[in-house]
Protein chains: 2
Amino acid sequence: MPDVKHFDPEVTLDQVVALFWQRGAEVTGIADVVAATGLSRSSLYATFGGKAQLQAAALGRYLERQSRPVFEALAADGRGLPAIAAFFERLVAARCSGVHARWGCLVTNTHATANGGLSEIREVLERHHDALRAAMRAALEAARTKGQLRAGLDVGAAAEALTLQAYAVNLRSRAGAEAGVLLAGVRAVLDGFATTGER
Amino acid sequence: MPDVKHFDPEVTLDQVVALFWQRGAEVTGIADVVAATGLSRSSLYATFGGKAQLQAAALGRYLERQSRPVFEALAADGRGLPAIAAFFERLVAARCSGVHARWGCLVTNTHATANGGLSEIREVLERHHDALRAAMRAALEAARTKGQLRAGLDVGAAAEALTLQAYAVNLRSRAGAEAGVLLAGVRAVLDGFATTGER
DNA sequence: CCTATCTTGGAACGACTATTCCAAGATAGG
DNA sequence: CCTATCTTGGAATAGTCGTTCCAAGATAGG
């Protein structure tokens with residue numbers, strides 16, 4: 001009997017992700033969301049329920065659509081250290097050039113801003129961190145079986161270090177850091193994990 | 001002839017730094033500044049000139065008072081790798097416990113938020129980055145003369161890597177990361193730079 | 001003490017914020 | 001076609017934003 005939605009919530013969420021990602025969720029108003037999505041305040045509030053929940057939904061969608069596929073590709077890539085190097089090369093390229101150049105990473109940006117926000121937002125941050133670190137660890141363990149890793153390397157600590165390095169790449173790229181400088185930093189860390197002479 | 005200021009602008013700036021640092025500059029209103037400093041809007045605008053300029057002034061003061069002394073101590077510390085390790089141990093401790101626990105770093109936080117802000121803010125970000133990387137480089141060169149570094153290590157790239165690692169520590173600490181996890185990540189990077197068996 | 005000059009408190013400003021509300025429109029089962 | 005039920009557009013809400021303004025207060029040279 002009832003009426004049905006005149007729009008696709010997932011498409012709307014993608015537009016909101018782009019908005020929050022580029023300009024920041026805190027400084028983006030509902031009026032901006034209305035203008036970008038083309039739908040009305042009523043539909044927005046009826047579907048998502050408010051700005052904080054909209055932000056959490058957008059953050060969750062970013063994790064699933066932008067981050068997760070890349071993390072899974074890294075975890076499934078059996079090449080070892082070259083897989084990690086390729087991950088960072090594509091990361092730096094995406095952060096410094098192309099459509100999303102200088103946007104940083106929505107999750108990384110949220111780290112600095114989400115102070116008293118919803119607990120759901122904090123949970124997405126943690127999910128993101130765990131997923132990336134797990135993917136890094138999987139790639140490092142593949143590297144270990146191939147004999148690419150230095151003897152005595154703590155794989156868990158190394159995975160954390162690389163995850164931290166990725167956050168910093170996201171952060172500095174938004175402030176205008178050069179791709180070459182970021183890549184050199186990443187490579188120095190990776191070289192330190194490799195067996196002498198490897199890579 | 002004229003009247004003189006009834007307050008100390010530097011003390012006020014310190015209070016503003018604390019406010020912006022803990023809660024974020026974007027979400028902190030002038031009303032909050034008025035409440036925290038105890039002075040009126042007139043004095044605030046007459047002295048600093050507006051919120052954007054107040055933010056730039058607070059950011060600059062943070063760099064000079066909080067960051068610079070630590071960077072200079074690192075650059076002057078001749079111990080090499082132990083000096084860098086000590087830097088990170090004090091950093092993690094300051095970020096995860098004590099008065100400023102979970103505040104992160106004002107400069108790091110600003111990286112994620114300052115998008116279309118004053119160009120002066122961007123310049124402070126760059127000054128901060130250059131100062132930290134130079135200090136890291138000085139400490140690494142001290143390590144080199146002491147034979148602590150792996151053969152073939154690019155000192156410039158390593159300094160950039162450690163600087164990025166520091167940013168990530170600041171970022172993740174604000175989101176609640178455990179001190180032990182952060183330290184383990186840092187140590188993995190440092191161990192990768194050292195001669196085998198060192199540290 | 002007087003007065004020129006600055007500072008201060010606090011009211012007022014328009015523009016924005018997120019959110020709510022309701023009448024009008026759209027839908028689909030009966 | 002009818003009607004119950006949802007959605008939609010858009011006006012209206014109360015509150016906060018950064019900023020401005022001016023009368024009243026404070027200062028120190030003359």
Side-chain angles (χ1 to χ4, degrees), chain A residues 1-13 15-59 109-110 113-121, chain B residues 1-60 109-110 113-121:
Chain A
M1 292 192 193
D3 194 0
V4 82
K5 275 188 169 50
H6 298 182
F7 64 98
D8 184 350
E10 299 213 333
V11 171
T12 298
L13 213 46
Q15 298 170 315
V16 175
V17 164
L19 215 57
F20 286 177
W21 185 5
Q22 181 180 17
R23 302 161 46 169
E26 324 284 325
V27 296
T28 303
I30 294 294
D32 299 317
V33 177
V34 167
T37 60
L39 41 89
S40 71
R41 291 168 144 82
S42 314
S43 311
L44 228 42
Y45 277 84
T47 307
F48 300 102
K51 192 187 175 181
Q53 293 150 67
L54 180 62
Q55 187 185 350
L59 194 64
N109 298 342
T110 306
T113 57
N115 207 10
L118 287 182
S119 64
E120 193 179 336
I121 290 181
Chain B
M1 295 192 194
D3 194 359
V4 82
K5 273 189 170 47
H6 299 182
F7 64 98
D8 183 350
E10 299 215 334
V11 171
T12 299
L13 214 44
D14 281 334
Q15 298 170 315
V16 175
V17 163
L19 214 57
F20 286 177
W21 184 5
Q22 181 179 18
R23 302 163 46 170
E26 324 283 325
V27 297
T28 304
I30 295 293
D32 298 316
V33 177
V34 167
T37 60
L39 42 87
S40 70
R41 292 169 140 82
S42 315
S43 311
L44 227 42
Y45 277 84
T47 308
F48 301 102
K51 193 187 176 184
Q53 293 149 70
L54 179 61
Q55 187 185 350
L59 194 63
N109 298 342
T110 307
T113 56
N115 208 9
L118 288 181
S119 65
E120 194 179 338
I121 290 181

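Chain identifiers are assigned alphabetically (A, B, ...) following the order of the sequence lines, protein sequences preceding nucleic acid strands; residue numbering begins at 1 within each chain. What you see is a predicted model; the values in this text were computed from it and never measured.
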| message | Please determine whether side chain to side chain contact (heavy atoms under 4.5 Å, CB included) holds for the pair B/V16 and B/L54, giving the CA-CA distance in whole Å, both sets of side-chain angles, and the decisive distance to 0.1 Å. | response | CA-CA 8 Å; B/V16 175; B/L54 179 61; 4.0 Å; yes
| field | D/dT8 OP1/OP2 closer than 4.0 Å to side-chain N/O of A/S43 | value | yes
| query | Is the shortest side-chain N/O distance from A/S40 to OP1 or OP2 of D/dG9 below 4.0 Å? | reply | yes
What's the closest nucleotide to the [X] side chain, out of [options]?
| X | options | answer |
| --- | --- | --- |
| B/D3 | D/dT19, D/dC6, D/dT27 | D/dT27 |
| B/H6 | D/dC21, D/dT20, D/dA26 | D/dA26 |
| B/I30 | D/dG18, C/dG9, C/dT17 | D/dG18 |

Which whole-number value in Å describes the distance from [X] [atom1] to [N] [atom2]?
| X | N | atom1 | atom2 | result |
| --- | --- | --- | --- | --- |
| B/Y45 | C/dG9 | OH | P | 16 Å |
| B/L39 | C/dG10 | CG | C1' | 14 Å |
| B/L44 | C/dT8 | CG | P | 10 Å |
| A/K5 | D/dT5 | NZ | P | 17 Å |
| A/F48 | C/dA18 | CZ | P | 16 Å |
| A/K51 | C/dT17 | NZ | C1' | 9 Å |

| field | For A/K51 against A/A25, the heavy-atom pair lying closest together | value | NZ-O, 2.9 Å
| said: Restricting to non-hydrogen atoms, name the atom on B/F20 and the atom on B/A58 that form the minimum distance, rounded to 0.1 Å. | reply: CD1-CB, 4.1 Å
| Hey, does A/T47 reach any base, or is it just sugar-phosphate, or nothing, if we go heavy atoms under 4.0 Å? | nothing
| Mind checking whether B/T47 and B/F7 have side chains closer than 4.5 Å, heavy atoms only? | yes
| said: So for the helix from C/dC1-D/dG30 to C/dG30-D/dC1, with five pairs setting each end axis, what is the inter-axis angle to 10°? | reply: 0°
| said: Could you measure the distance from the CG atom of B/L39 to the CD atom of B/Q15? Nearest 0.5 Å is fine. | reply: 7.5 Å
| said: Working to the nearest 0.5 angstrom, can you tell me the gap between A/N109 CG and B/T113 OG1? | reply: 9.0 Å
| message | Closest-nucleotide mapping onto DNA chain C: is B/F7 or B/R41 further toward the 5' terminus? I mean the 5' end. | response | B/F7
| Between A/L59 and A/Q55, does a side chain to side chain contact (heavy atoms under 4.5 Å, CB included) hold up when you go through it step by step? | CA-CA 6 Å; A/L59 194 64; A/Q55 187 185 350; 5.6 Å; no
| remark: 5'-most contact on DNA chain D (nearest-nucleotide basis), A/S42 vs B/V27, goes to A/S42
